[in-house]
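In what follows, chains are A, B, ... by sequence order, proteins preceding strands, each numbered from 1.
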Amino acid sequence: MLKDITIGQYFPGDSVIHRMDPRFKIVCTLLLIVTLFAGNSLWTLVIGGVFVLLVQILSRIPGKLLWKSLRPILPILLFTAVLNLLFVGDDEVLWEWQFIKLTMGGLQMSVFMIVRIILLIVGSSLLTYTTSPILLTDAIESLMSPLKGIKFPVHEMAMMMSIALRFIPTLIEETDKIMSAQKARGATLDSGKVMERIRALIPILVPLFVSAFRRAEELATAMECRCYRGGEGRTRLRQLKAGARDYIGFAVSFLFMAGAVTVNILSK
Amino acid sequence: MAILTTEGLTYTYSAGTPFEKTAVDHVDISIEDNTMCGVIGHTGSGKSTLMQHFNGLLKPTEGKVFLEGKDIWADKSRMRDVRFRVGLVFQYPEYQLFEETVYRDIAFGPKNMGLSDDEIRHRIHETAQMLGLTEDMLKRSPFALSGGQKRRAAIAGVMAMRPKVLILDEPCAGLDPRGRAEMLCQIRDYQRKTQSTVLLVSHSMEDVAEFTDKLLVMSKAKLFCYDDTAVVFRRAEELKALGLRVPQIASVMGALRKCGYDLPPDLYTVEKARDALLSLLRKGAAEC
Ligand SMILES: Nc1ncnc2c1ncn2[C@@H]1O[C@H](COP(=O)(O)OP(=O)(O)OP(=O)(O)O)[C@@H](O)[C@H]1O
Ligand SMILES: [Mg+2]
């Protein structure tokens, strides 16, 4: 079950999307997110959906994987949908029962919210699925490098991010292992009252923290042994270089988003 | 009587993703009660995966697992009971210790079984003694023990549940030679005393040769064979082809036999080999 968490996971491949410059991919994803949340007409969402679908087909990431990344957030999705349904309202009442009032506006809002969140998750999953964590942080560092001017520790931030990303799967695996081991000793994790459930977490959290700290210490030592001293004067093995393909990809994405925004303005 | 049986057991990791991997492939096996069974196989051959099916931690993609003749997945609500009857100690179990004292950590399993405090105390002391943990260690924090002592504490946590089948995944990994020998002796004594079944996953042919009655050999997710240890080690050439080997002493004896010395075929422990060589030498001296 924990293995189903695919956040930050990378699925190697050799598609056009995989090979695109990660900086452009990040910018395109940001564009998508902004468009999705700025637009409030049906067409914005349709264009956004087509764009995401196009990227998915080009990247050859199986739909099943995207479904997997969506599954953990289903409860949140439902929750937002219900909230919107109940608390956003206009005059067009569809159904009424005591104090509960369902309106057309609420229904519209909750459908929009669901589609937006789904597209948001799928879009950003496509980014992480097709970009290795190392490239991703390289790209973030490169995009944020102007901030170095105001003494913002860009390199350190990027390094911290790449370490965190790198260790998500490791920690998940470790949690899985510890859970299995405690289950083998008869621990019950999914039944009982709230207090019992909280208490049942102790046998998992204690070993997990102990091993996370141990890992952190080992990693720090290993980095120091290789004379890591922060970003000063550090060169890279992989230089990010944008080519014609990246500009074309970016242009296409930009056109999509521009189209979505135009449609949004026109439809008002 | 067979205690653990599998039928067409198959398990695939990450089915439906690019990382799909069949780690156990149609394994049919039947393990007897009251045996010390070694489990060997090349790295990645699926040993650990197979072991996790025996107590229901992994659900077979295909096939069935029977414990004392009953399908363990027939009634999910009895799964906990299965876990108490089949104890599993993972590789590097010392990373699972969590309690304030060693005593309380060992008590975790028996407590989950709902045993009385007296019974728990009795079992802990008995187990601690079997594994060479002193009274003083029981009172300490598990994090203040040495690596080998931590390992023992973690193993004791499962042994104290007195499972019918105890599975140990490489219990000696990372121990010094003396620690290994001690640990293996203690495990064998435990097996003899409790008359239970112990499955011992190991990479050391010398260890399994000396301490096990039966051997289960895995190769590339398939069961290669399951037989008496002596019988398995007679198939030296085939084992070599799997990336395994026979104990060093067995190779030496095999080479001597090829040179024409009259030695029996199943000499795979140092002791037996020594006795055979001594008797051969005496015979030689008598003939001179
Ligand atoms: N959690 C997992 N997810 C995906 N694949 C896995 C996982 N665990 C193991 N595998 C794969 O399954 C195969 C069998 O692994 P397993 O751990 O059972 O081997 P093993 O025989 O115990 O090896 P070792 O002797 O190194 O412990 C390996 O190829 C491994 O890559
Ligand atoms: Mg293993």
Query raised in the report: So which heavy atom on A:A187 is nearest to which on B:N112, and how close?
Result: N-ND2, 3.5 Å
Query raised in the report: So what's closer than 4.5 Å to chain A heavy atoms on B:D81: side chain, backbone, both or neither?
Result: neither
Requested in this report: Taking the side chain as every heavy atom from C-beta outward, state whether A:P207 and B:F98 have any atom pair closer than 4.5 Å.
Outcome: yes
Query raised in the report: When you look at CD of A:E217, are more than 12 heavy atoms from neighbouring residues, nucleotides or ligands closer to it than 6.0 Å?
Result: no
Query raised in the report: Do you know which of A:R185, A:E174, A:K64 has the most heavy-atom pairs under 4.5 Å to chain B?
Result: A:R185
**Report entry** Residues, nucleotides or ligands: over 12 heavy atoms within 6.0 Å of B:R140 CZ
**Finding:** yes
Query raised in the report: Given that the side chain runs from C-beta out, which part of B:L97 has a heavy atom under 4.5 Å from chain A: side chain, backbone, both or neither?
Result: backbone
**Report entry** Neighbour count above 12 (heavy atom, 6.0 Å) for A:R197 CZ
**Finding:** yes
Query raised in the report: Does NZ or CZ of A:R214 fall inside the cone over B:Y95's six-membered ring, less than 6.0 Å from its centre and within 45° of the axis?
Result: yes
Query raised in the report: Looking at B:F84 and A:G186, what are the two nearest heavy atoms and their distance?
Result: CE2-CA, 3.5 Å
Requested in this report: For atom CD of A:E224, decide whether the heavy atoms of other residues, nucleotides or ligands shown that lie under 6.0 angstrom number more than 12.
Outcome: no
Query raised in the report: What distance do A:K68 atom NZ and B:S14 atom OG have between them, rounded to the nearest 0.5 Å?
Result: 6.5 Å
Report summary line: Highest number of heavy-atom pairs under 4.5 Å with chain A among B:Q96, B:K111, B:M79 belongs to B:Q96
Query raised in the report: Should we say atom CE of A:M159 is surrounded by more than 12 heavy atoms from elsewhere, each under 6.0 Å from it?
Result: yes
Query raised in the report: Crowded around B:E100 CD? As in, over 12 foreign heavy atoms under 6.0 Å?
Result: no
Report task. Tell me, yes or no, whether the heavy-atom count around A:F254 atom CZ, taken from other residues, nucleotides or ligands under 6.0 Å, exceeds 12. Result -> no
Query raised in the report: Quick one: what part of A:S180 sits under 4.5 Å from any heavy atom of chain B, side chain, backbone, both or neither?
Result: both
Report task. Step through the shown structure and confirm whether more than 12 heavy atoms of other residues, nucleotides or ligands are within 6.0 Å of CD on A:E156. Result -> yes
Query raised in the report: How long is the gap from NZ on A:K183 to CG on B:L88, to the nearest 0.5 Å?
Result: 12.0 Å
